[in-house]
Amino acid sequence: MAVINAPRGTRDILPAESWKWAYIVKTASEVMRDFGFREIHLPVFEHTELFSRGVGETTDIVEKEMYTFTDRGGRSITLRPEATAGVMRCALENNLCAQGASAKLWNWGPMFRHERPQKGRYRQFCQIDAECLGLAGPMADVEVIALSLELFRRLGLKNLEVVINSVGCEKCRPVYRQKLVEYFDAHRDSLCETCLDRLGRNPLRILDCKKEGCGAIAEGAPDIFDSLCDECREHFAQVRAGLERLVFTYRLDKRLVRGLDYYTKTAYEILSGDLGAQNAVAGGGRYDNLSSAIGGAKVPGVGFACGLDRVLLVMEEQGCTFGEAPGVSVYVAALDEDSRGAVQVLTYELRKAGISAECDTAGRSFKAQVKAAGACRFACIIGPEERERNSAAVKDMKDGTQENIPLSEAAKYIREKL
Ligand code: ATP
Ligand code: MG
């Protein structure tokens, strides 16, 4: 029988990598705490409608990337492709933003998209996500952008670029949309098949097309800044002023769009110079109309999601550190067969004291045990003499010193030297 492998686009995170993941998530949780965001856990599957309405029918995600299936009860279920819609659903369902209250929430976990797998692009990937709900003013946008940048600063990422845009609101975007339709219609011949289709349904997304021909035409497209209403213009000016106050540099990119009716005002991305084609490490923006799109009361929001897998790739590329690599501090070795019991007890006592300790459980020779101890900071050896004295020979592998320590004091002795 053929061996069963993991599905295409998924990968196993093995011990050599998992501690680096844990470091990134721990760092994220500290930054979130410092910015006043609180952690939530959400289901990884939701009703399909949440995403078709919450992410939008005309997005790549909903059109071709969702893992959707009918469950045994006949309901259409989708593995979450992103977190924002679920967070908003959660806030509405649990009344977190009732009577004008606000909620700053973060979460992390797997997302699922049926994409063409390649470096930095998987079908199951992990996102760290932060959403600021119930706050309509520009300072919330600035907080979210600052939060994502602070996360990357603490992780030691370099060579990043912040790209921002405003996509307007339900008042000014229709005007802009009309201008775009007229412009692109005049350049039909240069557009790809997909963009011709977008022309009727969602012309903003043509701006985002990665194809060369469309890109060249999009460069000359009308500028959204000229169409923004006073409110959106002022909001964007405040966001920019806020970023400048915090001394963040950014690039304006009129082609950065979310391309959906419920995304409003600020859109941003953080790009890495060290990722090749999959260069976005985080993306986010404002979505003041999302809550009504999924059937709730009006709750404004702004947030971002960062791709943990990609952040890790960049960190490796740039030689960033991940805190201390996991390792065993103490190896407890038995000089003779009769000492194995005492070794087991000491190992357990050290572990209870919060010191990582290992001993042989495979019946290996003393020589093999000593070899294994070579990878640890301390070696504790118990033989007939030590048993007699209720002690262990504790060798500090760093400075080579060795002392006989009573078993009852071994943990304390090691703790002080660690
Ligand atoms: P891209 O332009 O790379 O397709 P996106 O606009 O679809 O990204 P978002 O929906 O904004 O991405 O998701 C936020 C972040 O999640 C991205 O910036 C990226 O770091 C990460 N991400 C998105 N899709 C994938 C994927 N298939 N595999 C790994 N990471 C991903
Ligand atoms: Mg994508």
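Note that this is a predicted model, so its numbers are computed, not measured. Just so you know, these numbers use all the heavy atoms, side chains as well, and skip hydrogens, waters and symmetry mates.
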Just do the salt bridge (charged side-chain N to carboxylate O under 4.0 Å, His left out) check on K412 and E409 with the steps written out, would you?
CA-CA 5 Å; K412 186 166 167 275; E409 282 164 36; over 6 Å; no

Between the OG1 atom in T401 and the CD atom in E403, the distance rounded to the nearest 0.5 Å is 6.5 Å

So does F225 get a backbone contact from the side chain of D223, meaning a donor-acceptor N/O pair under 3.5 Å? yes

- prompt: Does a side chain donor of either Y268 or S148 reach within less than 3.5 Å of an acceptor in the other side chain?
  reply: yes

Can any side-chain N or O of D185 pair as donor or acceptor with the backbone N or O of V181 at less than 3.5 Å? no

Between E244 and Y250, is any side-chain donor less than 3.5 angstrom from a side-chain acceptor?
-> yes

| request: Check the surroundings of atom CZ in R38: do more than 12 heavy atoms from other residues, nucleotides or ligands lie under 6.0 Å from it? | output: no

To the nearest 0.5 Å, atom OG of S329 lies from atom CD of E358 at 11.0 Å

Test item: E115 and Y122 side chains (from C-beta on) under 4.5 Å apart, heavy atoms: no

*asked:* Using a strict threshold of under 4.0 Å (side-chain N to carboxylate O), is an ion pair present between K158 and D274?
replied: no

So that I can tick it off, tell me whether R377 and D396 are bridged by a salt bridge, with the cut-off set at under 4.0 angstrom between side-chain N and carboxylate O. yes

Have Q278 and R121 got a donor and an acceptor in their side chains that come within less than 3.5 Å?
yes

### Query
Should the pair R11-E17 be classified as a salt bridge under the 4.0 Å nitrogen-to-oxygen rule?
yes

d(I217 CD1, C209 SG) to nearest 0.5 Å is 11.5 Å

Electrostatic pair K179-D226, nearest N-O below 4.0 angstrom: no

Are the charged groups of R33 and E30 less than 4.0 angstrom apart, N to O? no

| message | With a 4.0 Å cut-off on N to O distance, would you call K265 and D141 a salt bridge? | response | no

**Prompt:** Between R154 and D34, does at least one N-O distance fall below 4.0 Å, as a salt bridge requires?
**Reply:** yes

Does S76 offer a backbone N or O that forms a donor-acceptor pair with the side chain of T48 under 3.5 Å?
yes

**I381 and Q369, any side-chain heavy atoms less than 4.5 Å apart** = no

- Measure from the side-chain N and O atoms of R173 to the backbone N and O of T264, and report whether any donor-acceptor pair falls under 3.5 Å. no

Atom NZ of residue position K211 - does it have more than 12 heavy atoms of other residues, nucleotides or ligands inside 6.0 Å? no

Q | Side-chain donor-acceptor contact under 3.5 Å, N159 with Q318 | A | no

ask   = Okay, side chain of R310, backbone of G120: is any donor-acceptor separation there less than 3.5 Å?
value = yes

Point to revise | Under 3.5 Å donor-acceptor, Y263 side chain and C169 backbone | key: no

**Asked** Does a side chain donor of either T84 or E131 reach within less than 3.5 Å of an acceptor in the other side chain?
**Response** yes

Problem set entry | Salt-bridge contact R255-E219 (side-chain N to carboxylate O under 4.0 Å) | yes

* Is the count of non-hydrogen atoms from other residues, nucleotides or ligands lying under 6.0 Å from D399 atom CG greater than 12? -> yes

With a 6.0 Å cut-off (strictly less than), is the heavy-atom count around OH of Y348, excluding the residue itself, greater than 12?
no

Do the non-hydrogen side-chain atoms of V332 and Q344 ever get within less than 4.5 Å of each other? no

Count the heavy atoms of every other residue, nucleotide or ligand shown that sit under 6.0 Å from NZ of K417, and state whether that count exceeds 12. yes

Heavy-atom nearest pair, V299 first then G134, reads CG1-N, 3.6 Å

Quiz prompt | E39/N107 under side-chain hydrogen bond (donor to acceptor under 3.5 Å, both in side chains): CA gap, chis, key distance, verdict | solution = CA-CA 5 Å; E39 188 172 9; N107 69 99; over 6 Å; no

E143 with K104: basic N within carboxylate O range, under 4.0 Å | yes

Looking at E63 and R201, is any side-chain nitrogen of the basic one under 4.0 Å from a carboxylate oxygen of the acidic one? yes

The reported gap from CD in Q124 to CG in D309 (rounded to nearest 0.5 angstrom) is 9.0 Å

**Asked** Are side-chain N/O atoms of Y23 and E324 paired as donor and acceptor at under 3.5 Å?
**Response** no

- prompt: Are E349 and K352 close enough for a salt bridge, meaning some N to O gap below 4.0 Å?
  reply: yes

Taking E234's backbone N and O only, do any of them form a donor-acceptor pair with E231's side chain (distance below 3.5 Å, no angle check)? no

query: Checking S291 side chain against A297 main chain: does a donor-acceptor pair fall under 3.5 Å?
result: yes

